[in-house]
Number of protein chains: 2
Amino acid sequence: MNTDNTKSQMRKGMLEYCIMLLLRHQPCYANDIIQRLHEARMIVMEGTLYPLLSRLKRDGLLGYEWRESTQGPPRKYYVLTSEGQQALAQLDASWEEIERTVNFLKNE
Amino acid sequence: MNTDNTKSQMRKGMLEYCIMLLLRHQPCYANDIIQRLHEARMIVMEGTLYPLLSRLKRDGLLGYEWRESTQGPPRKYYVLTSEGQQALAQLDASWEEIERTVNFLKNE
DNA sequence: TACAATACCTTGTATCGCAAGGTACTAACA
DNA sequence: TGTTAGTACCTTGCGATACAAGGTATTGTA
């Protein structure tokens with residue numbers, strides 16, 4: 001079997017949550033996010049990240065601002081909006097529910 | 001926003017894992033699974049479950065046997081194969097990794 | 001025989017992650 | 001000035017999957 005596939009499926013829905021967790025404390029641009037998620041042992045591809053950020057922006061959960069870079073083109077720094085913070089609180093609850101579900105099933 | 005969507009996305013990849021957790025101790029047929037997952041606060045639709053079970057069967061992780069019912073047509077009871085148990089062990093590890101990732105990001 | 005209940009399965013749609021490829025801006029250097 | 005390398009943003013095509021809706025088959029009962 002390819003548990004790889006299942007594994008990536010498991011991470012699928014978590015991505016959005018993890019990214020919003022990342023942005024909770026500080027603005028980040030795409031490469032920041034990729035790198036910091038990598039440190040947290042979650043791999044994200046560019047082709048995944050950019051559409052996701054656009055989606056969250058479109059839904060009003062994220063905003064962004066352009067910032068100059070010391071080398072290279074300017075960067076789009078994403079920030080959690082207040083609506084995004086509310087959504088994040090709900091996702092916290094969802095995560096806890098999933099955690100409860102899995103632990104319930106594991107301890108049966 | 002519809003955190004409902006995100007929430008269902010979060011649960012998406014977990015389904016396979018949860019079902020295999022369910023089957024670890026005892027054979028179940030579809031309605032058993034739906035009901036017991038419901039008790040664990042995870043909602044699954046029939047149209048989701050049947051293809052998923054077929055997929056796991058096709059991949060050799062599940063087997064099944066027909067059993068008579070006291071009322072109604074016979075039922076297909078699914079069982080974890082030994083290959084399925086190995087896969088489940090890997091999914092346990094994947095789950096723990098995700099748990100670590102989320103907690104890491106939450107405590108930053 | 002007709003009907004309701006139960007159980008299994010399929011089809012069409014939407015969403016999402018990912019691989020690959022494309023565009024644009026900046027800096028360094030010949 | 002022209003070229004090249006590096007960085008950053010974005011899009012397209014594909015495969016996988018959950019879900020809603022609808023379909024088929026078996027059983028028991030009136």
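Naming: A, B, ... by sequence-line order, numbering from 1 per chain.
- Through direct or relayed side-chain contacts under 4.5 Å between Ile, Leu, Val, Met, Phe, Trp and Tyr, A/Ile43 connects to A/Met45.
- For A/Phe104, the side-chain contact (heavy atoms from CB on, under 4.5 Å) partners at least two apart in sequence or on another chain are A/Glu108, B/Ala40.
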Under 3.5 Å, which N/O atoms of the protein pair with N/O atoms of nucleotides 13-15 of chain C?
none

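- For B/Leu15, the side-chain contact (heavy atoms from CB on, under 4.5 Å) partners at least two apart in sequence or on another chain are B/Ile19, B/Leu37, B/Met42, B/Val44, B/Thr48, B/Leu52.
- Between the C1' atom of D/dA8 and the CG atom of A/Leu53 lies a distance of 13 Å, rounded to the nearest Å.
- Near DNA chain D, meaning a heavy atom under 4.0 Å away, there are no residues from residues 28-36 of chain B.
- Scored by the side-chain contact (heavy atoms from CB on, under 4.5 Å) test, A/Glu65 finds A/Arg67, A/Tyr77 as partners (sequence neighbours excluded).
- Rounded to a whole Å, the OH atom of A/Tyr50 is 12 Å from the C1' atom of C/dA24.
- When the salt bridge (Lys or Arg N to Asp or Glu O under 4.0 Å) test is applied to A/Arg24, the partners found at least two apart in sequence or on another chain are A/Asp92.
- Computed from coordinates, the B/Leu15 CG to D/dC19 P distance equals 6 Å when rounded to whole Å.
- Residue A/Arg75 has its side chain nearest to D/dA8 when only C/dG17, D/dA8, C/dC9 are considered.
- Within the model, atoms CD of A/Gln86 and CG of A/Leu80 stand 11.0 Å from one another, a figure rounded to the nearest 0.5 Å.
- Taking atom CD of residue B/Glu65 and atom C1' of nucleotide C/dA7, one finds them 17 Å apart after rounding to whole Å.
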task: At under 4.0 Å between heavy atoms, which parts of nucleotides 20-30 of chain D does protein reach? Answer with one letter per nucleotide, 5' to 3': B base, S sugar-phosphate only, - none.
output: BB----BS---

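- For the pair B/Lys76 and B/Tyr29, the NZ or CZ position fails the cation-pi test of under 6.0 Å to the six-membered ring centre and within 45 degrees of the ring normal.
- Rounded to whole Å, the distance from OH on B/Tyr77 to C1' on C/dA7 is 11 Å.
- Atoms CH2 (B/Trp66) and C1' (C/dT6) sit 12 Å apart, rounded to a whole Å.
- Residue A/Met10 contributes atom CE, which lies 19 Å from atom P of D/dA16 at whole-angstrom precision.
- Residues forming a salt bridge (Lys or Arg N to Asp or Glu O under 4.0 Å) with B/Asp32 (at least two apart in sequence, or on another chain): none.
- Shown here are the salt bridge (Lys or Arg N to Asp or Glu O under 4.0 Å) partners of B/Arg100, two or more places apart in sequence or in another chain: there are none.
- When the salt bridge (Lys or Arg N to Asp or Glu O under 4.0 Å) test is applied to A/Glu99, no partner is found at least two apart in sequence or on another chain.
- Atom C1' of nucleotide C/dC8 and atom OH of B/Tyr64 are separated by 11 Å, given to the nearest angstrom.
- For residues 43-55 of chain B, every residue pair satisfying the salt bridge (Lys or Arg N to Asp or Glu O under 4.0 Å) rule, not counting sequence neighbours, is listed here: B/Glu16-B/Arg55.
- Taking only side-chain atoms of A/Arg11, from C-beta outward, the nucleotide of C/dC18, D/dT7, C/dT10 with the closest atom is C/dC18.
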